[in-house]
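We name chains A, B, ... by the order of the sequence lines, and we start the count at 1 in each one.
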Amino acid sequence: MNLNPGPAGSEGWREPIQASWFDRPATEVAPDLLGKLLVRQVDGACAAGRIVETEAYQGEDDQGCHAKAGLTERTRVMYGNPGTAYIYFTYGMHWLLNVVCMPVGFPAAVLIRAIQPIFGEEFMQARRPAAAKGWLNGPAKLCQALAVDGQLNGANLCQTSSGLWIADDSVAANQSAVRTTPRIGLNTVPEPWRSLPWRYTLE
DNA sequence: CGCCCGATGTGCT
DNA sequence: GCACATCGGGCGT
């Protein structure tokens, strides 16, 4: 098995970020996730991408957050441990990946919206049209590329045994390059939540 | 490039 | 019923 090691001299991608790092507001975790690695290991292959776009969703008050409906079967994971994967199905065909934040009992999560390929491109391209332009710049696209679906809902992202984790390879993001905008796709969400600057992008 | 629209399943009112 | 944290193709500019 060739694990397609990461950048020379950097083994940081093997070490998952620990749960305590996610035990704070999603509006803090979301910008801090920019520049971190999203790593997938499954079927004897390994692939990773650098996170370049995130969104924060937090609290039952946030009318853009699924937790506005309170604790339900669907939102249960968001009320759980920080560092857990909250993965849901939408538009009849797409999976979206979030990382749970905040202590148990408070619903919050960060949506991973885009990554840039770091290694394991062959693994990712086998699941995405190789010729497609912008083949990882969307929350459903990156889930398809990394073989992330509902089977991983509730998975612990703080251990490699899940086959999905987030790592810091010490290629620090330039914080000055972080930009904020309103979140995408909240077309019927009332103000002020619709326009909160809770989308974070790199470059 | 932009806008428009259909695909397609499910959670919640 | 309907909205939905989307995507890709089609067609007009």
| said: Need one value for A:Asn187: base, sugar-phosphate or nothing, where a base atom within 4.0 Å counts as base even if backbone is also close, heavy atoms only. | reply: nothing
What side-chain donor-acceptor pairs closer than 3.5 Å can you find for residues 79-99 of chain A, not counting sequence neighbours?
| from | atom 1 | to | atom 2 | distance (Å) |
| --- | --- | --- | --- | --- |
| A:Tyr79 | OH | A:Glu60 | OE2 | 2.5 |
| A:Tyr79 | OH | A:Leu71 | N | 3.3 |
| A:Thr84 | OG1 | A:Asn81 | O | 2.7 |
| A:Tyr86 | OH | A:His66 | ND1 | 2.7 |
| A:Asn98 | ND2 | A:Tyr86 | O | 3.1 |

| So where does chain A start and stop touching DNA chain C, 5' to 3', when the test is distance under 4.0 Å to a non-hydrogen atom? | C:dA3 to C:dG8
| Taking atom C1' in both C:dC4 and B:dC5, what distance in whole Å separates the two? | 16 Å
| request: Using modelled atom types only, decide if a donor and an acceptor are shared between the side chain of A:Asp169 and the backbone of A:Val171 within a distance under 3.5 Å. | output: yes
| message | I need the residues from residues 53-79 of chain A with at least one non-hydrogen atom less than 4.0 Å from DNA chain B; give them sorted by number, or say none. | response | A:Thr72, A:Arg74
| said: Determine whether A:Phe123 and A:Cys46 satisfy the following criterion, side-chain contact (heavy atoms from CB on, under 4.5 Å), listing intermediate values before the conclusion. | reply: CA-CA 7 Å; A:Phe123 178 89; A:Cys46 195; over 6 Å; no
| Would a distance-only check, ignoring hydrogens and angles, find a side-chain to backbone donor-acceptor pair under 3.5 Å from A:Arg128 to A:Trp135? | yes
| request: For DNA chain C, write out the stems as range with range, using runs of 3 or more consecutive Watson-Crick or G-U pairs with both distances under 3.5 Å. | output: B:1-7 with C:6-12, B:9-12 with C:1-4
| query | Taking only residues two or more places apart in sequence or in another chain, which ones pass salt bridge (Lys or Arg N to Asp or Glu O under 4.0 Å) with A:Glu53? | reply | A:Arg113, A:Arg199
| Are any side-chain N or O atoms of A:Thr72 and backbone N or O atoms of A:Arg74, one a donor and one an acceptor, separated by less than 3.5 Å? | yes
| message | My understanding is that only one of A:Leu38, A:Leu34, A:Leu37, A:Ile115 makes a side-chain contact (heavy atoms from CB on, under 4.5 Å) with A:Arg50; could you say which? | response | A:Leu37
| Whether A:Thr75 side chain and A:Met78 backbone form a donor-acceptor pair below 3.5 Å | no
| task | Would you kindly compare A:Lys141 and A:Val189 by the position of their nearest DNA chain C nucleotide and give the one closer to the 5′ end? | result | A:Val189
| message | A side-chain contact here means heavy atoms from C-beta on lying under 4.5 Å apart; do A:Met102 and A:Pro25 qualify? | response | yes
| query | If you measure only the distance, is there a donor-acceptor pair under 3.5 Å linking the side chains of A:Ser161 and A:Gln159? | reply | yes
| field | Side chain A:Arg194, main chain A:Asn187, donor-acceptor under 3.5 Å | value | yes
| task | Without swapping roles, check the side chain of A:Glu55 against the backbone of A:Ile184 for a donor-acceptor pair under 3.5 Å. | result | yes
| query | Is it true that atom CD of A:Glu15 has more than 12 heavy atoms of other residues, nucleotides or ligands lying nearer than 6.0 Å? | reply | no
Might you list the N or O atoms of the protein lying below 3.5 Å from N or O atoms in nucleotides 4-8 of chain B, with each pair's distance?
| from | atom 1 | to | atom 2 | distance (Å) |
| --- | --- | --- | --- | --- |
| B:dT8 | O2 | A:Tyr91 | O | 2.3 |

